[in-house]
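Below you'll find the structure, written out as structure tokens, and then a few comments.
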Amino acid sequence: MKIASWNVNSLRVRLEQVLEWLESTQVDILGVQETKLQDTNFPLEAINSAGYDVLYSGQKTYNGVALLAHRERVVEKLGPMLYPVTNLPGFDDTQKRILAATIGDLRIINLYVPNGAVPDSDKYRYKLAWLEALYEFLRIQLNDHPRMVVMGDFNIAPEDADVHDPKKWEGSVLVSPRERKALQKIVSLGFCDSFRQFAQEDGQFSWWDYRAAGFRLNKGLRIDLILASDAILEHLTGSWIDREPRAWQRPSDHTPVVTEFTF
DNA sequence: ATGGCGGGTCTAACCCGA
């Protein structure tokens with residue numbers, strides 16, 4: 001089974017790209033971030049017609065997440081998406097950034113972690129508070145669901161190897177020590193960064209700035225991650241970044257990341 | 001050092017992202 005995560009930067013603009021990519025890659029479960037759509041405007045029929053069940057939690061203008069599961073390859077074999085969660089428990093937040101669901105005995109969590117603006121700003125403090133609430137949520141969830149995939153736009157590059165120019169980025173938001181520690185704390189609950197479970201070439205990123213020819217010059221960051229819990233570690237068979245959609249006309253600034261499992 | 005691109009919507013001397 002192939003599980004993928006893609007920040008599409010407006011599902012309204014990127015819908016055809018998402019459907020084309022799913023058709024060509026045969027990805028089974030996809031977490032989408034930054035739909036930027038109210039639920040009343042969600043393209044439910046188009047996604048259902050493409051063969052996917054979908055859950056979504058959106059708002060106007062900002063944020064918004066969705067979770068797609070292929071009807072024949074996932075839902076009919078393992079079961080429907082159940083027990084959705086769209087908020088971090090105990091964290092008062094109007095921003096739609098999380099969507100969790102259970103498929104069979106697999107708990108899937110799709111995230112759009114706050115950006116954080118600049119270190120020590122209000123948005124940065126919100127990011128750290130959000131990550132702390134996420135830590136508590138995942139700690140509880142792992143007890144009930146040892147088989148778990150946590151994916152999304154983490155807005156954190158875990159290591160300097162995930163940054164095109166670590167010197168230039170040092171201390172900036174997306175790489176600053178406090179947010180990296182918050183991510184490490186979450187991973188330490190019992191996850192691995194699936195991409196790093198396999199030998200990878202240097203300079204592989206999942207986001208490139210639209211400005212200053214970021215993609216052409218490969219000035220990017222790897223901030224889109226798929227974490228796998230220890231209980232499913234043995235089922236990992238591969239993890240990669242598909243750069244192709246970033247080269248398409250009118251692309252998202254993120255490209256999809258994929259992890260494959262034996263189940 | 002700055003701004004650059006590309007989404008959004010209150011279409012702007014706009015806001016936001018990463």
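Proteins get letters first, then strands, A, B, ... in listed order; numbering begins at 1 in each.
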- prompt: Considering only the C1' atoms, how many Å lie between dG8(B) and dA12(B), rounded to the nearest integer?
  reply: 13 Å
- For atom C1', what is the distance between dG3(B) and dG17(B), given to the nearest Å? 15 Å
Atom CZ of Arg12(A) and atom P of dG8(B) are separated, to the nearest Å, by 6 Å
Heavy-atom nearest nucleotide on DNA chain B taken for Lys168(A) and for Arg14(A); more 5' hit belongs to Lys168(A)
Paired to dA13(B) by Watson-Crick or G-U wobble criteria (both distances under 3.5 Å) is none
Regarding the side chain of Lys60(A), the nearest nucleotide among dA18(B), dT9(B), dG7(B) is dT9(B)
Taking atom P in both dG6(B) and dT2(B), what distance in whole Å separates the two? 23 Å
Going by modelled atom types, is there a donor-acceptor pair between the base of dA18(B) and the side chain of Asn115(A) at under 3.5 Å?
yes
Between dA13(B) and dA18(B) - P atom distance, rounded Å:
26 Å
### Query
Would Tyr126(A) and Ser121(A) count as having a side-chain donor-acceptor pair, cut-off 3.5 Å?
no
message = Please report the distance separating the P of dC14(B) from the corresponding atom of dA1(B), rounded so that it comes out in whole Å.
response = 25 Å
Q.
Taking only the C1' atom of each, what is the distance from dG7(B) to dT11(B) in whole angstrom?
A. 14 Å
When rounded to whole Å, the CG to C1' distance for the pair Asn41(A) and dG7(B) reads 16 Å
Item to complete: Could you tell me whether Asp165(A) and Lys167(A) have a side-chain N and a carboxylate O separated by less than 4.0 Å?
Response: no
For this session: Give a yes/no on whether any side-chain N or O of Arg211(A) is located under 4.0 angstrom from OP1 or OP2 of dT2(B).
Result: no
Among dA18(B), dG7(B), dT9(B), the one nearest any side-chain atom of Arg250(A) is dG7(B)
Here the distance between atom P of dC15(B) and atom CD of Gln95(A), to the nearest Å, is 17 Å
Separation of dC5(B) atom C1' from Arg216(A) atom CZ, nearest Å, is 14 Å
Have a look at Tyr112(A) and say if it touches a base, only the backbone sugar-phosphate, or nothing, with a 4.0 Å heavy-atom cut-off. sugar-phosphate
**Message:** Within the 4.0 Å heavy-atom criterion, would you say Asp224(A) contacts the bases, only the backbone, or no part of the nucleic acid?
**Reply:** nothing
- Message: Measuring centre to centre across the rings, with the benzene-like ring taken for any Trp, is Trp21(A) within less than 6.0 Å of Trp6(A)?
- Response: yes
In whole angstroms, the gap separating P of dC5(B) from CD of Gln249(A) amounts to 16 Å
- Just by distance, do the side chain of Tyr210(A) and the backbone of Pro251(A) share a donor-acceptor pair under 3.5 Å? yes
* Between dT9(B) and Lys36(A), is there an OP1 or OP2 to side-chain N/O distance shorter than 4.0 Å? -> no
Note to self: Main chain of Ile3(A), side chain of Thr259(A): is a donor-acceptor contact present, judged purely on distance under 3.5 Å?
What the structure shows: no
Here the distance between atom P of dG7(B) and atom CG of Asn63(A), to the nearest Å, is 17 Å
Ranking dC15(B), dG6(B), dA18(B) by distance to the side chain of Tyr210(A), first place goes to dG6(B)
With the side chain defined as heavy atoms from C-beta on, Lys123(A) is closest, among dA18(B), dT9(B), dC16(B), to dC16(B)
Side-chain atoms of Ile223(A) come closest, of dG7(B), dA18(B), dT9(B), to dA18(B)
Between CG of Asp209(A) and P of dT2(B) the distance, given in whole Å, is 16 Å
Per nearest nucleotide of DNA chain B, the residue lying toward the 5' end, Trp207(A) or Gln38(A), is Gln38(A)
When rounded to whole Å, the CG to P distance for the pair Asn9(A) and dA18(B) reads 8 Å
*asked:* Please give the distance between the C1' atoms of dT9(B) and dC15(B) as a whole number of Å.
replied: 9 Å
Heavy atoms under 4.0 Å, any strand shown: does Asn155(A) hit a base, just sugar-phosphate, or nothing? sugar-phosphate
Check this for me, if you would: do Glu159(A) and Arg180(A) make a salt bridge, where the nitrogen-to-carboxylate-oxygen distance has to be below 4.0 angstrom?
no
request  = Taking Arg243(A) for its side chain and Thr255(A) for its backbone only, find out whether a donor-acceptor pair lies under 3.5 Å.
outcome  = no
For a quick test of reading the model: is some side-chain N or O of Asn7(A) closer than 4.0 Å to OP1 or OP2 of dA18(B)? yes
